[in-house]
Amino acid sequence: MNTCDTIGQVIVVKVGGNEIDDDSFLAELVAAVKAISEQSNVVVVHGGGKEIADLHGRLGVPFDFVEGLRVTSFDSLRLVKMVLSGAVNTRVTRWLVNGGVNALGLSGVDLGLIRVQPLRPRGVDIGYVGKVVEVRVEKLWALLDAGIVPVVSPLSLGVDGQSYNVNADQVAAALAASLEAEQLVFVSNVPGVMLDSWDSMPVSELTAQQVEGHVAEGRINGGMVPKVRSASEAVMNGVHQAVITDIAGLRSGRGTAVVVG
């Protein structure tokens, strides 16, 4: 395992929530992370949107989305905590440890790792949703130096001392920028960014400037919006490359690369 004295050898892997409860997906993720960790430091960030939505539905707690971000009331925040830092973080960490990866599960609240302020897109109050303003990167380096793969739940700590739900893509981008990562990989249930139709082939590369143009035109929409914007933010803040792909692409190196341009 490389240490912080080895510049540019960090890869941040962000895993989406659509398949994170599937055993075959988790087995492939373990194999990929184990292979990557033999060459580079690895940080895993996970979401959990599907299970959060399922739990809201079962308990009758309503929610909505604004610009791809989940509106999070106080009652909703309680469920988000249960899913992200409870079920999902423990599950991913367990699979990695059982697969021979020296993984440690934690959230952005632990060690005050990720500090946030309330996020208000276009001035809209969306509840307990945060925007990252600080990463205690020295805490991550201490874990990486010890040969540990951090598995990070995006639940984070507000500057006001409150817990906040934070989009996992945005957390991954902030961690990657703070670590000056060589690569940030967003692993989702699609092989890349597809313009206009989910039936089309993914584009191989987008510049950060092209991303905003496609979002404005509606060619990129829904949950892909925070993902591509997070990728753009990461490369604009020093990450060499951000890639949006699926689990097969993580192993093969395929997907849509977002670059500065």
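- Sorted by first and then second residue, the pairs that involve residues 75-85 and meet side-chain hydrogen bond (donor to acceptor under 3.5 Å, both in side chains), not counting sequence neighbours, are His56-Ser76, Ser85-Ser153.
- Here the side chains of Asp246 and Pro191 are in contact, with some heavy-atom distance below 4.5 Å.
- Side-chain atoms of Thr72 do not come within 3.5 Å of backbone N or O of Leu77 as any donor-acceptor pair.
- The backbone N or O of Gly48 lies less than 3.5 Å from no partner atom in the side chain of Glu51, so there is not a single donor-acceptor pair.
- Contact record, Leu119 with Ile126: O-CG1, 3.5 Å, taken as the closest heavy-atom pair.
- Contact annotation: the side chain of Val190 never approaches that of Pro202 to less than 4.5 Å [non-hydrogen atoms, C-beta and beyond].
- Taking OH of Tyr128 as the start and OG of Ser156 as the end, the distance is 15.5 Å to the nearest 0.5 Å.
- Atom-to-atom distance recorded for His214:NE2 and Leu195:CG is 5.0 Å, nearest 0.5 angstrom.
- The minimum heavy-atom distance linking Gly105 with Thr93 is given by the pair CA-OG1, 3.5 Å.
- Under the side-chain contact (heavy atoms from CB on, under 4.5 Å) criterion, Asp22 pairs with Ser24, Phe25, not counting sequence neighbours.
- Side-chain contact between Pro118 and Tyr164 is present, with heavy atoms from C-beta onward closer than 4.5 Å.
- The main-chain N or O of Gly192 is never found under 3.5 Å from a side-chain atom of Arg254 such that the two would form a donor-acceptor pair.
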Go through the steps for Val15 and Val92 under the test side chain to side chain contact (heavy atoms under 4.5 Å, CB included), then give the verdict.
CA-CA 10 Å; Val15 186; Val92 175; over 6 Å; no
Are Met224 and Lys227 close enough, and set up right, to give a side chain to side chain contact (heavy atoms under 4.5 Å, CB included), and what steps lead you there?
CA-CA 5 Å; Met224 186 59 73; Lys227 200 176 303 295; 3.9 Å; yes
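- Within 6.0 Å of atom CZ in Arg115, more than 12 heavy atoms from other residues, nucleotides or ligands are found, so the atom counts as buried in its surroundings.
- When all heavy atoms are compared, the tightest approach of Val97 to Ala103 is CG2-O, 3.7 Å.
- Distance check: Ile244 CD1 to Phe186 CZ gives 6.5 Å after rounding to the nearest 0.5 Å.
- Alongside Val133, the hydrophobic cluster contains Val159 (criterion: ILVMFWY side chains under 4.5 Å).
- With contacts defined as side-chain heavy-atom distances shorter than 4.5 Å, the pair Leu144/Val43 qualifies.
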May I have the step-by-step check of side chain to side chain contact (heavy atoms under 4.5 Å, CB included) for Ile36 and Leu250, ending in yes or no?
CA-CA 10 Å; Ile36 295 169; Leu250 178 63; 4.0 Å; yes
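- When side chains are defined from C-beta on, Arg94 counts as touching Arg91, because their heavy atoms get closer than 4.5 Å.
- Through direct or indirect side-chain contacts shorter than 4.5 Å among Ile, Leu, Val, Met, Phe, Trp and Tyr, Phe65 is connected to Phe63.
- Leu69 is not connected to Val80 by any chain of hydrophobic side-chain contacts under 4.5 Å among Ile, Leu, Val, Met, Phe, Trp and Tyr, and they are in different clusters.
- Contacts of Val215 classified as side-chain contact (heavy atoms from CB on, under 4.5 Å), with partners at least two apart in sequence or in another chain: Val211, Ile220, Val225, Val228, Arg229.
- Cluster annotation: Val259 is not connected to Leu206 through the hydrophobic network of ILVMFWY side chains, with a link wherever side-chain heavy atoms come within less than 4.5 Å.
- Asp145 places no side-chain N or O within 3.5 Å of a backbone atom of Ala142 that could act as its donor or acceptor partner.
- Closest approach of Glu19 and Ser188 over heavy atoms only: OE1-O, 3.8 Å.
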Walk me through it: do Lys14 and Asp169 pass the test side chain to side chain contact (heavy atoms under 4.5 Å, CB included)?
CA-CA 7 Å; Lys14 187 272 173 176; Asp169 295 330; 3.0 Å; yes
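- A 4.5 Å side-chain heavy-atom check between Val132 and Leu175 finds every atom pair outside the cut-off.
- Trp141 and Val45 fall within the same hydrophobic cluster, defined by Ile, Leu, Val, Met, Phe, Trp and Tyr side-chain heavy atoms under 4.5 Å apart, directly or through other members.
- In this view, Asp125 and Arg120 satisfy the side-chain contact (heavy atoms from CB on, under 4.5 Å) rule, not counting sequence neighbours.
- Side chain of Arg122 to backbone of Val66: no donor-acceptor contact under 3.5 angstrom is found.
- A pairwise comparison of heavy atoms in Val187 and Ile247 identifies CG1-N, 3.7 Å as the closest pair.
- Gly147 and Asn102 get closest at one heavy-atom pair: O-ND2, 3.2 Å.
- Distance alone, capped at 3.5 Å, is enough to place a donor-acceptor pair between the Ser37 side chain and the Lys34 backbone.
- Here CG of Leu111 is found 9.5 Å from CD of Glu138. Values are rounded to the nearest 0.5 Å.
- The side-chain heavy atoms of Leu179 and Val137, taken from C-beta on, include a pair separated by under 4.5 Å.
- One N or O on the side chain of Lys50 and one on the backbone of Asn18 form a donor-acceptor pair closer than 3.5 Å.
- Residues Val10 and Glu180 are not in side-chain contact: their nearest non-hydrogen atoms beyond the backbone lie 4.5 Å or more apart.
- Ion pair Glu134/Arg136 not flagged as a salt bridge, since none of the NZ, NE, NH1 or NH2 atoms sits closer than 4.0 Å to an Asp/Glu carboxylate oxygen.
- The hydrophobic cluster containing Val129 does not contain Phe74, counting ILVMFWY residues as joined when their side-chain heavy atoms lie under 4.5 angstrom apart, directly or transitively.
- Rounded to the nearest 0.5 Å, atoms CG (Asn89) and CG (Leu104) are 8.5 Å apart.
- Between atom CG of residue Leu84 and atom OG of residue Ser107 there is a gap of 9.5 Å, rounded to the nearest 0.5 Å.
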